[in-house]
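The structure appears below as structure tokens.
As a basis for the values below, the full set of heavy atoms in this structure was taken, side chains included, without hydrogen atoms, waters or symmetry mates. Note that the numbering runs from 1 along the sequence shown for the chain. Given the structure is predicted, the values throughout are model-derived calculations rather than measurements.
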Amino acid sequence: MDNIKALLTTTDGRIGRQQWWIGIVVLIVISIVASIVLSILSFGNGTVMAWFGVLINLALIWPSYCVGIKRRHDRDNNGTDLKILIAGSVLLNLLTATGIGSSMTDMGGVMVPVPSIWLGALNLIFAIFAIYMLVQLGFLKGTAGPNNYGPDPLDGAA
């Protein structure tokens with residue numbers, strides 16, 4: 001349990017892909033549980049749920065940053081791209097919650113938000129960048145041996 005706590009709350013050092021995936025799975029589980037609880041509390045109100053989504057995003061920024069920055073350090077990177085990813089996520093969540101760039105459209109008696117062209121393009125660009133970051137964080141090997149951020153978390157193995 002102390003390892004998970006350190007993984008989610010500290011920014012020092014490096015972690016390998018396995019530790020990153022463990023951290024991400026923990027964050028996903030926390031996010032899903034929080035979403036279910038807050039969905040029940042919103043009583044089906046889409047606007048309230050969108051704002052709860054912003055709250056979940058804000059609550060998970062620090063743990064996400066801690067896991068991601070240590071993984072970027074393992075690849076001998078300062079993590080600027082990770083900061084852009086997190087800021088973009090918050091921005092898109094806020095746009096969704098405020099309804100900026102979306103209009104409500106009737107889909108068979110159900111009103112659903114439909115993004116404008118510029119918001120759809122922004123979401124597409126963000127999705128492509130997020131896939132790039134997923135590859136960087138979750139699939140590519142770290143720097144072999146020590147680097148600017150500490151010793152190799154695998155001690156030269158793998």
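In this structure, I117 is not a member of the same hydrophobic cluster as V112, with clusters built from ILVMFWY side-chain heavy atoms closer than 4.5 Å. When hydrophobic clusters are built by joining Ile, Leu, Val, Met, Phe, Trp and Tyr residues whose side-chain heavy atoms come closer than 4.5 Å, directly or via intermediates, I100 is grouped together with W51. L124 and Y132 fall into different hydrophobic clusters, where Ile, Leu, Val, Met, Phe, Trp and Tyr residues are linked whenever their side-chain heavy atoms come under 4.5 Å apart, directly or through other members. L154 and W21 are not part of a single hydrophobic cluster, where members link through side-chain heavy atoms under 4.5 Å apart. The hydrophobic clustering, which links ILVMFWY residues whose side-chain heavy atoms are closer than 4.5 Å, places L38 and V54 together.
Rounded to the nearest 0.5 Å, atoms CE (M49) and CG (L41) are 9.5 Å apart. Going from atom CG of N123 over to atom CH2 of W118 covers 9.0 Å, rounded to the nearest 0.5 Å. Summarising the geometry, atom OG belonging to S64 is positioned 4.5 Å from atom CG belonging to L27; distances are rounded to the nearest 0.5 Å. Distance CG/L122 to CG/L95: 7.0 Å, rounded to 0.5 Å. Summarising the geometry, atom CG belonging to L91 is positioned 14.0 Å from atom CD1 belonging to I86; distances are rounded to the nearest 0.5 Å. Here CG of L60 is found 6.0 Å from OG of S31. Values are rounded to the nearest 0.5 Å.
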Intermediate values then yes/no, side chain to side chain contact (heavy atoms under 4.5 Å, CB included), S89 and N57: CA-CA 8 Å; S89 174; N57 189 314; 2.9 Å; yes

Full working for side chain to side chain contact (heavy atoms under 4.5 Å, CB included) between M133 and R72: CA-CA 10 Å; M133 288 300 295; R72 291 308 282 145; 4.2 Å; yes

Chi angles and distances behind the side chain to side chain contact (heavy atoms under 4.5 Å, CB included) call for W62, L8: CA-CA 8 Å; W62 181 250; L8 299 176; over 6 Å; no

Test ring pair (Phe, Tyr, Trp, His ring centres under 6.0 Å) applied to F139 and W20, step by step: CA-CA 10 Å; F139 296 104; W20 182 81; 8.0 Å; no

Q19/K70 under side chain to side chain contact (heavy atoms under 4.5 Å, CB included): CA gap, chis, key distance, verdict: CA-CA 10 Å; Q19 288 177 295; K70 286 184 276 199; over 6 Å; no

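Pairing each heavy atom of D152 with each of T143, the nearest pair is OD2-O, 3.9 Å. The minimum heavy-atom distance between L82 and G68, with the atom names listed, is CD2-C, 3.3 Å. Annotation for R71 and K141: closest pair NH2-C, 4.0 Å, computed over non-hydrogen atoms. Considering all non-hydrogen atoms of both residues, S102 and P115 come closest at OG-CA, 4.0 Å. Shown here for F129 and D81, the closest heavy-atom pair between the two residues is CZ-O, 3.4 Å. Counting all heavy atoms, side chain and backbone alike, A50 lies closest to T96 at CB-O, 4.4 Å.
Side-chain atoms of L92 and L119, non-hydrogen and from C-beta on, do get closer than 4.5 Å to each other. Considering only heavy atoms from C-beta on, N93 stays 4.5 Å or farther from L58 through its side chain. By the 4.5 Å heavy-atom criterion applied to side chains, R14 and N147 are counted as neighbours.
I28 pairs with exactly one of I30, I24, V26, V25 by the side-chain contact (heavy atoms from CB on, under 4.5 Å) rule, that one being I24. Between I15 and the options V67, I69, D74, a side-chain contact (heavy atoms from CB on, under 4.5 Å) holds for only V67.
With no hydrogens or angles considered, no side-chain donor-acceptor pair links T10 and D12 at under 3.5 Å.
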